Amino acid sequence: MAYGMALAVLADPTRRRVFERLRAGPRPVNALAAGLPVSRPAVSQHLKVLKDAGLVEERSEGVRRIYSVRREGLAELRDWLDSFWGDALEAFKAEAERSHKERGRT
């Protein structure tokens with residue numbers, strides 16, 4: 001149930017903002033923290049939680065750590081969300097077929 005962990009982790013608004021900033025590409029902590037209403041150490045803590053959930057990865061460049069979205073970490077969450085779309089289409093199809101049959105009887 002990795003999607004449950006991803007949902008829980010992304011429920012925090014500040015953490016979600018940090019994660020969304022990575023959409024534009026890999027960034028160091030300082031760039032991610034710029035303009036946020038929390039300290040750089042707090043952003044580092046949010047990144048640790050995101051990393052532990054498998055949503056981000058880090059690499060070292062000298063003394064800096066560069067963070068990026070871990071696409072594989074989003075796969076299960078995306079599959080879970082996509083299943084809602086599939087279920088909704090199936091329900092729509094069933095209702096359309098039922099409605100069509102009822103109209104044919106009158």
Side-chain angles (χ1 to χ4, degrees):
M1 189 167 117
Y3 70 85
M5 171 72 93
L7 289 172
V9 166
L10 293 173
D12 180 277
T14 302
R15 197 170 297 132
R16 197 168 47 248
R17 285 182 67 192
V18 170
F19 185 70
E20 287 170 351
R21 287 177 173 211
L22 290 171
R23 182 184 303 187
R27 301 276 185 270
V29 177
N30 288 340
L32 293 168
L36 288 177
V38 296
S39 66
R40 190 192 103 17
V43 170
S44 291
Q45 287 298 316
H46 285 296
L47 286 164
K48 180 183 180 334
V49 173
L50 289 163
K51 183 180 173 191
D52 290 347
L55 295 172
V56 301
E57 57 193 6
E58 69 176 290
R59 72 176 192 277
S60 294
E61 281 186 6
V63 296
R64 296 185 333 160
R65 295 187 188 278
I66 308 299
Y67 291 87
S68 58
V69 171
R70 186 174 171 270
R71 297 196 186 275
E72 301 85 2
L74 290 175
E76 191 170 336
L77 176 60
R78 182 175 181 174
D79 290 344
W80 180 73
L81 291 169
D82 285 348
S83 74
F84 281 91
W85 180 243
D87 291 347
L89 287 175
E90 286 297 318
F92 178 77
K93 177 183 174 192
E95 179 60 24
E97 289 171 350
R98 185 193 62 75
S99 178
H100 180 71
K101 286 178 186 176
E102 285 181 3
R103 276 188 263 148
R105 286 187 230 163
T106 58

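Everything quoted here is computed from the prediction, not taken from an experiment.
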Q) Atom CD in Q45, atom CZ in R40: separation rounded to 0.5 Å? A) 10.5 Å
(Q) Quick test of your reading: applying salt bridge (Lys or Arg N to Asp or Glu O under 4.0 Å), list the pairs with at least one residue in residues 5-34, sequence neighbours left out, ordered by first then second residue. (A) none
(Q) For L36 versus V43, what's the shortest heavy-atom pair and its separation? (A) CD1-CG2, 3.9 Å
**Q.** OG on S44 to CG on N30, rounded to 0.5 Å
**A.** 8.5 Å
Q | Of E57, H46, E58, the residue whose pairing with K51 passes side-chain hydrogen bond (donor to acceptor under 3.5 Å, both in side chains) | A | E58
Q.
If I take atom CG from residue L7 and atom CH2 from residue W80, how far apart are they, to the nearest 0.5 angstrom?
A. 5.0 Å
Q) Closest heavy-atom contact between L22 and Y67? A) CD2-O, 3.3 Å
Q. CG of L81 to OH of Y3: how many Å apart, nearest 0.5 Å?
A. 10.0 Å
Q) Honestly curious: do I66 and F19 fall in one hydrophobic cluster under the side-chain, below-4.5 Å linking rule? A) no
(Q) Could you report the tightest heavy-atom contact between V9 and A53, atom names first, then the distance? (A) CG2-CB, 3.6 Å
Q: Tell me, with the steps shown, if V18 and V56 meet side-chain contact (heavy atoms from CB on, under 4.5 Å).
A: CA-CA 11 Å; V18 170; V56 301; over 6 Å; no
Q.
I need the E95 CD to E90 CD distance, nearest 0.5 Å.
A. 13.5 Å
Q) Is it true that E97 and K101 make a salt bridge, defined as a side-chain N closer than 4.0 Å to a carboxylate O? A) no
(Q) Clusters formed by hydrophobic residues whose side-chain heavy atoms approach within less than 4.5 Å: which one holds W85, and what are its other members? (A) L89
